Amino acid sequence: MENEGDNINDYGISVQVLQPSCALALDCGQDLAGALDLFGEMDAYSFDVPEGGRFILRMIAESNQLDPRMELYDPAGQLVFSSNTGGDVPARIDALAGLPAGVYTLLAMENEGNYQDSYGISVQVLEEGCPPALSCSSAATGAIAEPAAMEAFSFPATDGDQLLFWLDWSGFSFDLRVELFQPDGTVTAYTLDSGPEKLGAIPIEQTGLHTVVLMDEQGSHTGDFALALQLIRPDCSQQLDCGADVHATFSQALEIDAFSMEVPEGASYLFQYKGDGNVGDVTLELYRPGDSEPFQTLDSGNGGLARIGPLTADETGTHYLLVYARESGPDAEYGISGQVLQENCATPLNCLSALTDSVSTLGGMAVYFFELLSPERVLIQVKPELADFSTELELLREDGTLEPVQIAGNDLLRLSGEDDVLPAGRYYLILRDQEGAQSSGFGISLQSLDGGCAETLACNAGQESELLHRGEMKLYAFAAEDGEEILIDVREETEAEELKLELYDPQFELVEIESGIFPQVSYFTAGSGQYSLILTSVSGELPDGPLGLSLIRVFEATCSDLLQYNETGVFPFDHHGEMHAWRFEGELGEKVFLRSTNCGAATDVVLEIYDPNANFIMQELLPETEPLELELPGTGPFTLIARTELIELGNETGMSVVKINPGENAAVLQSGVAQNGSLSLPGEMIGYTFTATQGSTLSAQMTSAGSDVAPRFALYDPDGTLIDQDSDPETASIADISLPESGTYTLVCMDQTGCEPGDFEILIDLVIGTRDFPAPDLNWSLSPNPVQGLLTIQLELPEASPVRITLLDAAGQPAMVWEEDLAAGEHALGKDLSGVSAGFIWLKVEMGWGVVWGMVVKTE
């Protein structure tokens with residue numbers, strides 16, 4: 001009542017029984033909106049507290065008129081806490097000492113009871129089982145949905161850890177208050193006025209369950225937030241093996257991913273990051289052992305490439321790379337590569353073999369090392385598979401500096417040291433895509449021009465090899481003398497890929513000989529010393545077939561075979577690009593007959609000739625059937641080099657030389673005496689000589705002795721001039737010609753193709769003096785041939801004439817002679833040869849106007 005009863009006014013009255021059944025039950029961590037609708041009204045809430053539990057209570061009015069007040073009663077109904085009054089700031093109760101378990105009752109009211117207003121109230125129980133649990137590397141989202149609301153998360157931590165928070169409440173105008181509670185109740189508060197924002201690294205000094213509570217500083221604003229938590233310790237990070245590339249995905253809009261790598265003291269190391277187009281902005285932080293602050297921080301734009309290092313580790317220990325995602329979606333992918341530049345974390349690269357490898361992730365790197373025991377000139381070559389892989393190859397030098405080289409697309413990439421000479425020591429190669437955006441397989445090859453990795457390229461012998469890996473180089477070495485003429489031949493089986501041939505002189509100066517589609521031959525005049533030759537593909541792609549390489553030192557006796565006159569050198573083309581060299585002695589003005597035959601192959605032989613003064617004389621494409629006449633332009637050893645114009649392997653090839661006059665090493669022919677011969681080698685020629693006086697009459701026949709030889713011969717006068725030649729496929733002959741001068745004549749015998757082995761006989765009939773007229777053509781035949789008994793000689797004479805027939809045995813001695821006077825017309829003369837020895841039988845038919853020759857084979 002009113003004390004005097006004089007005034008009439010409204011009033012409010014409120015009764016609260018301090019029992020849970022009379023209060024609104026709150027879950028731990030619940031936010032609630034309420035209202036004081038009457039003067040003096042009290043709202044009652046209850047919540048359960050575990051034994052020793054700790055909790056926080058907040059209450060705030062929506063307007064400044066209401067001065068909020070909270071009173072907390074234990075399960076026995078005793079007042080244990082009363083809040084401060086805050087006006088326009090939240091009323092708060094922090095119960096951070098151990099309390100007995102039970103249901104507690106909270107009364108919410110206006111401090112004086114004079115105002116009505118809406119309010120918000122929040123309870124957070126800071127014990128295990130109430131706030132959502134986070135791991136030591138996790139992310140979460142939440143909301144400040146009501147005035148005075150709080151959100152809490154718990155996580156285990158260990159003394160010595162460092163704690164990092166990554167928070168975002170962008171788009172909402174409240175100051176974020178972060179309170180960190182350690183197991184003993186110690187609390188540290190942080191106020192952040194804009195997001196996103198990072199907190200850390202916060203040192204952890206106690207082992208146990210920690211709780212983080214987020215709220216609006218003033219308690220009057222609401223909005224969503226995202227939280228990422230990361231503890232810096234090995235089991236809270238993804239371990240990167242040295243040299244590992246990792247493909248990862250951001251699963252939250254705000255996230256911290258941690259990677260750790262063990263780095264020995266004094267070792268160089270680096271990290272590289274690359275995100276796809278969904279990642280958004282990302283921050284990288286590097287923490288070294290013992291760091292309380294990041295040693296290096298980098299920001300990466302949307303999907304950009306970010307790199308930390310190479311750095312040198314000050315001490316042995318775990319190095320951490322933290323990746324902060326600001327706004328990435330759940331499908332955002334990225335790659336992390338960690339590299340320790342030491343022997344067991346890199347692939348050894350040497351000049352004995354090429355390698356195939358790959359960059360397998362976004363931001364991936366491949367690392368190699370090689371060691372030089374002395375200063376060397378080093379070439380490194382890379383060829384990726386994919387056209388959009390923009391190669392960057394970096395050489396880490398002894399002083400820790402990097403030398404990058406990059407090229408767009410999958411073109412061949414070549415890297416060499418400064419001035420191409422590297423000091424002795426260990427080097428590391430780092431290979432990656434220039435933008436970090438692509439992954440690709442590739443081949444890599446290293447060659448040192450000064451080391452012992454070169455194959456010795458022997459002269460006068462082919463060498464076959466294959467490029468087995470992309471970007472592979474083959475290194476060969478050879479020695480030369482000053483002024484030597486060097487020939488190098490390169491062949492690729494299918495002629496489908498351009499090759500590059502590089503020659504380095506003894507001072508390591510590059511002499512680029514040829515590059516293009518091979519086969520082709522290169523020539524250069526050498527200085528004295530060791531030369532290096534590198535063979536590779538122009539584009540770095542792999543040829544479809546094997547490669548062949550050969551070298552000839554033109555005037556070095558040990559690089560050629562000695563070829564005597566009337567001898568034949570035989571060799572196979574066993575390797576692509578193979579060449580062969582011979583030398584023969586000659587005198588100025590001498591004439592020689594040269595022949596080279598490649599049997600069994602559909603290709604001709606290229607013959608090159610050099611004089612004794614190292615001058616190139618000529619190059620001829622010799623068909624299999626055509627010899628070459630040459631008048632020697634000097635005195636001394638001449639050099640012959642043979643190679644195939646096309647690529648044909650496994651065929652026997654012969655080279656022969658005959659001196660036309662005076663017929664050195666040649667056999668002497670006697671008139672009327674058969675000379676047996678044998679052609680057993682490809683391209684073989686045999687030279688014979690005989691002496692005659694001017695005006696003498698010569699008839700000659702070369703007949704195959706039951707073999708496949710297709711006879712062919714050529715007659716040269718004493719001056720080396722061709723008088724006559726014949727190439728009848730059965731019997732080559734010269735019919736009764738008058739010799740133009742006195743002296744020694746040369747008769748060269750060969751097979752038509754140069755590839756048919758077998759025996760032959762040659763017989764000449766030489767009449768000293770002259771005949772009035774030459775023998776006319778005579779129709780005649782011998783049958784059967786071969787013959788065992790009766791031989792029939794059929795003749796058709798144009799006019800009557802005495803006929804003398806002489807049979808000469810294989811030794812050229814008369815075995816049978818008979819004479820007859822025959823009328824003009826056809827005649828058949830039979831003779832029994834049963835008593836004649838087996839072998840080749842020559843028949844000489846002499847008539848009044850001339851002589852003809854024939855041959856039969858007598859069998860037993």
Side-chain angles (χ1 to χ4, degrees), residues 11-63 65-87 89-132 144-152 154 179 181 185 187 211 213 215-216 219-220:
Y11 69 93
I13 188 168
S14 179
V15 175
Q16 289 292 347
V17 179
L18 301 178
Q19 290 184 353
S21 60
C22 296
L24 178 63
L26 296 177
D27 294 331
C28 66
Q30 185 173 358
D31 303 325
L32 190 68
L36 298 175
D37 298 323
L38 301 172
F39 296 121
E41 183 179 359
M42 296 180 291
D43 288 343
Y45 302 94
S46 66
F47 59 93
D48 191 42
V49 176
E51 184 69 30
R54 301 172 299 156
F55 51 87
I56 306 171
L57 302 169
R58 290 180 93 212
M59 176 182 176
I60 191 169
E62 287 192 0
S63 71
Q65 289 183 337
L66 192 148
D67 186 6
R69 176 184 176 83
M70 291 183 294
E71 292 180 354
L72 182 65
Y73 294 85
D74 66 14
Q78 298 298 313
L79 179 65
V80 291
F81 287 103
S82 178
S83 75
N84 63 307
T85 57
V89 297
R92 179 165 174 161
I93 294 175
D94 290 356
L96 302 181
L99 294 176
V103 178
Y104 285 72
T105 302
L106 174 65
L107 295 183
M109 64 193 76
E110 204 277 331
N111 190 40
E112 299 294 337
N114 295 330
Y115 298 98
Q116 303 105 25
D117 199 358
S118 298
Y119 65 87
I121 195 164
S122 178
V123 58
Q124 287 292 340
V125 178
L126 309 179
E127 295 299 330
E128 187 173 5
C130 183
I144 306 297
E146 302 289 346
M150 298 179 289
E151 290 287 323
S154 63
E179 296 181 357
F181 293 85
V187 60
T211 305
V213 183
M215 63 195 79
D216 173 35
S220 57

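These numbers come from a predicted model, not from an experiment.
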Verdict with reasoning, Leu106 to Leu57, per side-chain contact (heavy atoms from CB on, under 4.5 Å): CA-CA 9 Å; Leu106 174 65; Leu57 302 169; 3.8 Å; yes

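- The nearest pair of heavy atoms linking Glu151 to Asp31 is OE2-OD2, 3.8 Å.
- Note: Phe39 CZ to Tyr115 OH = 9.5 Å, rounded to the nearest 0.5 Å.
- Minimum heavy-atom separation, Asp27 to Gln30: N-OE1, 2.7 Å.
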For Leu32 and Leu26, run side-chain contact (heavy atoms from CB on, under 4.5 Å): C-alpha distance rounded to whole Å, both residues' side-chain angles, the deciding distance at 0.1 Å, then the answer. CA-CA 9 Å; Leu32 190 68; Leu26 296 177; 3.8 Å; yes

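- To the nearest 0.5 angstrom, Ile60 atom CD1 is 10.5 Å from Asp117 atom CG.
- Taking each heavy atom of Pro131 and Val125 in turn, the nearest pair found is CD-O, 3.3 Å.
- Interatomic distance, Phe55 CZ to Met150 CE, rounded to the nearest 0.5 Å: 11.0 Å.
- Distance OG1/Thr211 to CD/Glu128: 9.5 Å, rounded to 0.5 Å.
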After noting the C-alpha distance and the side-chain angles of Ile121 and Met70, does the key distance pass the side-chain contact (heavy atoms from CB on, under 4.5 Å) rule? CA-CA 10 Å; Ile121 195 164; Met70 291 183 294; 4.3 Å; yes

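- Note that the CG atom of Asp216 and the CD atom of Glu146 stand 13.0 Å from one another [nearest 0.5 Å].
- Note on Glu179 versus Arg92: salt bridge recorded, some NZ/NE/NH1/NH2 to OD/OE distance being below 4.0 Å.
- What you find for Leu72 and Leu79 is that their closest heavy atoms are O-CD1, 3.4 Å.
- Residues passing the side-chain hydrogen bond (donor to acceptor under 3.5 Å, both in side chains) test with Arg54, sequence neighbours excluded: Glu127.
- Here the side chains of Pro75 and Val103 are not in contact, with every heavy-atom distance at 4.5 Å or above.
- Residues Leu107 and Met42 come closest through the heavy atom pair CD1-SD, 4.1 Å.
- Closest approach of Arg58 and Ala148 over heavy atoms only: NH1-O, 3.5 Å.
- Scanning for ring-ring contact (aromatic ring centres under 6.0 Å, His included) contacts around Phe181 gives an empty result, with sequence neighbours left out.
- For the pair Asp67 and Glu112, the minimum side-chain heavy-atom distance is 4.5 Å or more.
- Residues Leu24 and Asp43 have side chains not in contact (no heavy-atom distance under 4.5 Å, counting atoms from C-beta outward).
- The main-chain N or O of Ala101 is found under 3.5 Å from a side-chain atom of Glu51 such that the two form a donor-acceptor pair.
- Interatomic distance, OG of Ser82 versus CD of Glu71, reported as 5.0 Å (0.5 Å rounding).
- At least one donor-acceptor pair under 3.5 Å links the side chain of Asp74 to the backbone N or O of Ala76.
- Residues Tyr104 and Ser46 have side chains not in contact (no heavy-atom distance under 4.5 Å, counting atoms from C-beta outward).
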